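Here's the structure, in structure tokens; my notes come after.
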Amino acid sequence: MIRIVAVANQKGGVGKTTTAVNVASSLARLGERVLLVDTDPQGNATSGLGVASDGAGLGIYDVLLRGVPVERCWRGTSVANLFVLPASAQLIGAEMELAGVAGRESILQREIRRVAGSFGMVLVDCPPSLGLLTLNALVAAEGVLVPVQCEYYALEGLAQLVGAVRRVQESWNPELELLAVLLTMFDGRTNLAFQVAEEVKRAFRGKVLRSVVPRNVRLSEAPSHGVPIDVYDAKSRGASVYRDVAEEVLERARNAKATGPRAR
């Protein structure tokens, strides 16, 4: 099965980190041992799980640029079976520092694949860009989960992401595939949301998850408390949907290799 999934979209504000945190937490509650790797210098996935993103301890920066083994850097969270490899503001200059490193695009791949067998699933939260940090995530990953917001510019830039996935397949990681597309920020009161959803389904035929993440106040509140939505409000609509998303992602990950490794 696919064990390493990059959560990526170079467009910001699409629910990428919300998806990474809450799918990771939901998978852990389904009984999977999960590692969430935060490669975003903003460190929102780290703080969203209640782990300090102040750079005081070891984290992803130390793995990428100091050669520290990944198992020395991950930390436990308040959710059983869920661990995080934290990010901090140290990552802001990491792309420039990595530029002169031999094999810079494969550092994360070597470390994550070495320990992936210890986990049921590894999720990698990517920054909203297609730089070296996202490249490391895509080279390390076996599948890509793409959150797409149900708003006017939903498909803007996605051609670049699909192109990046194909380049990674061709040059570094032929196993990589587009695992799934997740519709987020859906507002059922507007015709636009339905129109965008249909457009995305046409563009990514067969790849769009059945579950759709609605606009939900409780989802927006949870990160400020340093917990995923299923801890903050397990009865909320957001918690229910992300449980469904996690089940779909797990099902697709288990069945993905039956359809071949290449993204379509």
Side-chain angles (χ1 to χ4, degrees), residues 5-27 36 40 42 44-45 48 123-130 134 143-165 177-225 227-253 256 263-264:
V5 177
V7 184
N9 189 331
Q10 78 273 20
K11 191 175 186 300
V14 300
K16 177 180 55 58
T17 297
T18 296
T19 294
V21 167
N22 290 303
V23 169
S25 180
S26 295
L27 285 169
L36 176 57
D40 189 340
Q42 296 179 79
N44 290 336
L123 296 178
V124 187
D125 185 36
C126 299
S129 69
L130 290 176
T134 297
V144 185
L145 172 61
V146 184
V148 179
Q149 84 282 25
C150 296
E151 296 179 354
Y152 185 68
Y153 291 113
L155 296 178
E156 186 181 68
L158 282 184
Q160 289 178 286
L161 177 61
V162 172
V165 169
E177 71 167 276
L178 180 60
L179 181 65
V181 175
L182 173 65
L183 295 167
T184 64
M185 302 180 186
F186 183 86
D187 186 347
R189 299 170 300 178
T190 69
N191 288 331
L192 177 62
F194 289 97
Q195 292 168 0
V196 170
E198 288 305 311
E199 187 176 359
V200 172
K201 288 174 183 177
R202 281 196 298 272
F204 295 94
R205 194 174 302 276
K207 293 293 185 180
V208 182
L209 296 180
R210 297 184 301 275
S211 305
V212 177
V213 180
R215 286 197 173 276
N216 183 265
V217 173
R218 305 300 270 174
L219 272 175
S220 302
E221 293 172 346
S224 66
H225 295 268
V227 292
I229 187 61
D230 56 3
V231 174
Y232 182 65
D233 187 351
K235 295 182 179 179
S236 67
R237 176 62 178 151
S240 174
V241 168
Y242 270 114
R243 283 192 291 271
D244 293 340
V245 172
E247 289 176 355
E248 281 196 75
V249 168
L250 190 57
E251 180 184 8
R252 284 183 178 241
R264 294 290 184 265

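Heavy atoms only: backbone and side chains are in, while hydrogens, waters and symmetry mates are out. Only a predicted model underlies this, so the values are computations on that prediction, with no experimental measurement involved.
- In plain terms, the two heavy atoms of C150 and V196 that are nearest each other are CA-CG1, 3.7 Å.
- A salt bridge links R218 and E221; the closest N-O separation between the charged side-chain nitrogens and carboxylate oxygens is under 4.0 Å.
- A pairwise comparison of heavy atoms in A20 and L36 identifies CB-CD1, 4.0 Å as the closest pair.
- The two residues G188 and F194 make their nearest non-hydrogen contact at O-CE1, 3.4 Å.
- One N or O on the side chain of S26 and one on the backbone of N22 form a donor-acceptor pair closer than 3.5 Å.
- Although no hydrogens or angles enter the test, the distance criterion places a donor-acceptor pair under 3.5 Å between the side chain of E248 and the main chain of S211.
- For the pair F204 and L155, the minimum side-chain heavy-atom distance is below 4.5 Å.
- With hydrogens and angles ignored, the 3.5 Å screen pairs no side-chain donor or acceptor of Q149 with any backbone N or O of G13.
- Residues E177 and R252 have side chains not in contact (no heavy-atom distance under 4.5 Å, counting atoms from C-beta outward).
- Of all non-hydrogen atoms in K201 and L183, the two that sit nearest each other are CE-CD1, 4.2 Å.
- When only modelled atom types and interatomic distance are considered, T17 and N44 share no side-chain donor-acceptor pair under 3.5 Å.
- Distance CG/D187 to CG/N216: 11.5 Å, rounded to 0.5 Å.
- Looking only at distances, a side-chain donor or acceptor of K16 sits under 3.5 Å from a matching main-chain atom of C126.
- A8 approaches V144 most closely through the heavy-atom pair CB-CG1, 4.2 Å.
- At a threshold of 4.5 Å between non-hydrogen side-chain atoms, the residues L209 and V249 count as touching.
- Between the OG1 atom in T18 and the CG atom in L219 there is a gap of 6.5 Å [rounded to 0.5 Å].
- A salt bridge is absent between K11 and E156; no separation between the charged side-chain nitrogens and carboxylate oxygens falls under 4.0 Å.
- Distance CG/L182 to CG/N9: 11.0 Å, rounded to 0.5 Å.
- Between Y242 atom OH and S236 atom OG the span is 11.0 Å, to the nearest 0.5 Å.
- Of the inter-residue distances, the one linking L192 atom CG with E199 atom CD reads 9.5 Å to the nearest 0.5 angstrom.
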